[in-house]
Amino acid sequence: MELFKTNQLKIYNSLSKSKEIFKPVLEGNVGMYVCGPTVYSNVHLGNVRTFMSFDLIFRYLKHLGYKVRYVRNITDAGHLTDDDSEDKISTKARLEKIEPMEVVQKYTVDFHTILQKLNFLPPSIEPTATGHIIEQIEIIKDILAKGMAYEINGSVYFDVLKYNETENYGILSGRNVEDTIENTRSLDGQSEKKNPQDFALWKKADESHIMRWPSPWSDGFPGWHLECSAMSTKYLGKTFDIHGGGMDLKFPHHECEIAQSNVNNHVHPVNYWMHANMLILNGQKMSKSTGNYILPNEIFTGENKILNKPFSPSATRFFMFQANYRSILDFTSAGLEASEKGYLKLIEAINKLDKIEVAATSTIDIKAWKQKCYDAMNDDFNSPVLIAQLFEAVKYVNLLIEKKETLTAEDLEEFKSTIHMFVFEVLGLQNEVKQNSTDKISGVVEMLINMRKDARDNKDWALSDKIRDELSSLGIQLKDGKEGTTFSVN
RNA sequence: GGCGUCGUGGCCGAGUGGCUAGGCUGGGCUCUGCAAAAGCUCCUACAGCGGUUCGAAUCCGCUCGAUGCCUCCA
């Protein structure tokens, strides 16, 4: 029987601002859409955190036995710059004097490389905005036909005020349009829009603009908000289960998606809206201009001014999951160092699992422990609590090896498989310790351990300590236990 | 200014009304030739001020602070 039938999953829904029991549209199936990156520069670390949260969610849903279709788009057109007239990709292409598609290619590759290093699962579909121009044009036609948009000078805008007469523009973000009007009154009236809060569905391209597609209104390009509506509808249907993204996309991006779908399909597009919170760096907002900024790859190489040392992808992943996805997370060197130690402790315990011997009786209630792990994840993907339970398991491992606790063969098997499943399959961590110590090294170290044992038996402390210290300086730590000496490679 | 999110011990972070996670750091003890590892243990907190309640970190109000969106930066 699938696990989802026995596990009651609760998800915090940004729309209702409360935890709700998760019920997919189609039993056993989950449709999930997450707003992907705009590929006009290296992927932002905060963005990585958002995607990592949804990687965890994707992994856990799959683990529960759901058939998940996970769509995460690539925005390669339509995301406008501040003056609201030029596409971000185009701007970058002009600045670097390369083709827009070169910009897209370069940063898409960067994005995938970083995610691969961090052991992300690829989404089921990764559609691009430029690959769905036709679908977007069809939606614009429909919205125009329904009278909720207007054309001016070859551009098409969504009529927010008119929409708000019958629907609620602000249902997700808690804004009301009247306030928005007052607060935007001071902006200059250069825009051709009827109202400042109207957003673009189609923008006419000026002569210098390289990225352009023909449409009934002009040669131009689609608005940013539209691509997500087009692609989510195409691959997941008019109403689907989960829509995710960073907290910063709640308004206006997701609000606009809701408006578009409400007009286009006459339904609210999403049952569960999920928003990952922000990542800050040393207590401050990340900002390129102030230098309080770090690229994901610089974490791994250590080539940065923020952190004291490099950190591995798994240590970084572990650090991120020690906080709940809905909390603001402060990215600091001290925090990463603490997490790295915790991660190594966990992995070392996992690598020691085979040393546990089977006993006739169990002194630990493995089923109760396992249930706590599931309870944590079922409670809105509470990874910090899951990790706390995994540290309980670390304690068990050490006590079991010392024979202060015992497990039957059946319980031991369940214990091992549960640990492996949560650590590697659900959290997506990698066993970096194991990768470092090859069998050849193990053989050599074992030999030295035996030599040291002889020295110790002869009370030749000078030789024994020399072996220990020299191995230590090579990054190999010896650990004397009741059952003999073991080692770990740092 | 408006709309959100949040403010927990030396640090990081769970916890939504009573049973007070976990990690890192530091102290003590056990084990050990010594150390490390491991086990046990200690330091016990909820921004401030009011209120509701038999009882609040948890609910309500106000104040202060952080952060996000509203304006390019995830």
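Note on naming: letters A, B, ... go to the chains in the order of the sequence lines (proteins, then strands), and numbering restarts at 1 for each one. From a predicted model like this one, the values you see are computed outputs, not experimental measurements.
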Selected nucleotide, minimal atom distance to A338(A) side chain, candidates G23(B), C70(B), U32(B): G23(B)

Rounded to the nearest Å, what distance is computed from the CG atom of residue D380(A) to the C1' atom of nucleotide G15(B)? 14 Å

State, with a plain yes or no, whether a side-chain heavy atom of M247(A) is found less than 4.5 Å away from one of S14(A). no

Please determine whether side chain to side chain contact (heavy atoms under 4.5 Å, CB included) holds for the pair Y374(A) and Y60(A), giving the CA-CA distance in whole Å, both sets of side-chain angles, and the decisive distance to 0.1 Å. CA-CA 10 Å; Y374(A) 277 101; Y60(A) 189 62; 3.3 Å; yes

Quick check, are the ring centers of F319(A) and F331(A) under 6.0 angstrom apart? yes

Listed nucleotide nearest any side-chain atom of R452(A), set G23(B), U67(B), G33(B): G33(B)

Roughly how many Å is it from NZ in K453(A) to C1' in G33(B), rounded to a whole number? 14 Å

Residue set satisfying side chain to side chain donor-acceptor pair (under 3.5 Å) with D480(A), at least two apart, ordered chain then number -> R452(A), T485(A)

Tell me what D480(A) touches on the nucleic acid: a base, only sugar-phosphate, or nothing, going by heavy atoms under 4.0 Å. base

Counting only side-chain nitrogens and oxygens, does K285(A) get under 4.0 Å of the OP1 or OP2 atom of G68(B)? yes

Please state whether the phosphate of A14(B), meaning OP1 or OP2, lies under 4.0 angstrom from any side-chain nitrogen or oxygen of S327(A). yes

Under the ring-ring contact (aromatic ring centres under 6.0 Å, His included) rule, what pairs show up with a residue in residues 448-483 of chain A, not counting sequence neighbours? none

Considering every strand and a 4.0 Å limit on heavy-atom distances, what is the contact class for L329(A): base, sugar-phosphate, or nothing? sugar-phosphate

Atom-to-atom span, CG of L478(A) to C1' of U32(B) - whole angstrom: 14 Å

Would you check if the distance from the ring center of Y293(A) to the ring center of H44(A) is below 6.0 Å? yes

Output the single nucleotide from U67(B), G13(B), G23(B) whose closest atom is nearest the side chain of D330(A). G13(B)

OP1 or OP2 of A74(B) sitting under 4.0 Å from any side-chain N/O of Y40(A)? yes

Whole angstrom is fine here: how far is it from CG in L279(A) over to P in C12(B)? 14 Å

Does K345(A) have a side-chain nitrogen or oxygen under 4.0 Å from the phosphate oxygens OP1 or OP2 of A38(B)? no

How long is the line joining NZ of K250(A) and C1' of U67(B), in whole Å? 13 Å

Across the strands shown, which category fits G174(A) at heavy-atom distances under 4.0 angstrom: base, sugar-phosphate, nothing? sugar-phosphate

side-chain contact (heavy atoms from CB on, under 4.5 Å) against N262(A), all qualifying residues, sequence neighbours excluded: Y163(A), E167(A), I258(A), H268(A)

Counting only non-hydrogen atoms, which of residues 458-468 of chain A are less than 4.0 Å from RNA chain B? W461(A), S464(A), D465(A), R468(A)

Nearest to the side chain of A388(A), heavy atoms from C-beta on, is which of G22(B), C70(B), G68(B)? G22(B)

Send over the distance from N282(A) CG to U67(B) C1', rounded to a whole Å. 15 Å

Does some side-chain heavy atom of N47(A) sit less than 4.5 Å from a side-chain heavy atom of L279(A)? no

Secondary-structure notation, RNA chain B, from Watson-Crick and G-U pairs under 3.5 angstrom (| other strand): (((((((..(((.....[...))).(((((.......)))))....(((((..]....))))))))))))....

Expected output is a numbered-order residue list: members of residues 311-324 of chain A with a heavy atom under 4.0 Å from any atom of RNA chain B. What is it? Q322(A), A323(A), N324(A)

Establish, with yes or no, whether the OP1 or OP2 oxygen of G15(B) is under 4.0 angstrom from a side-chain nitrogen or oxygen of N382(A). yes

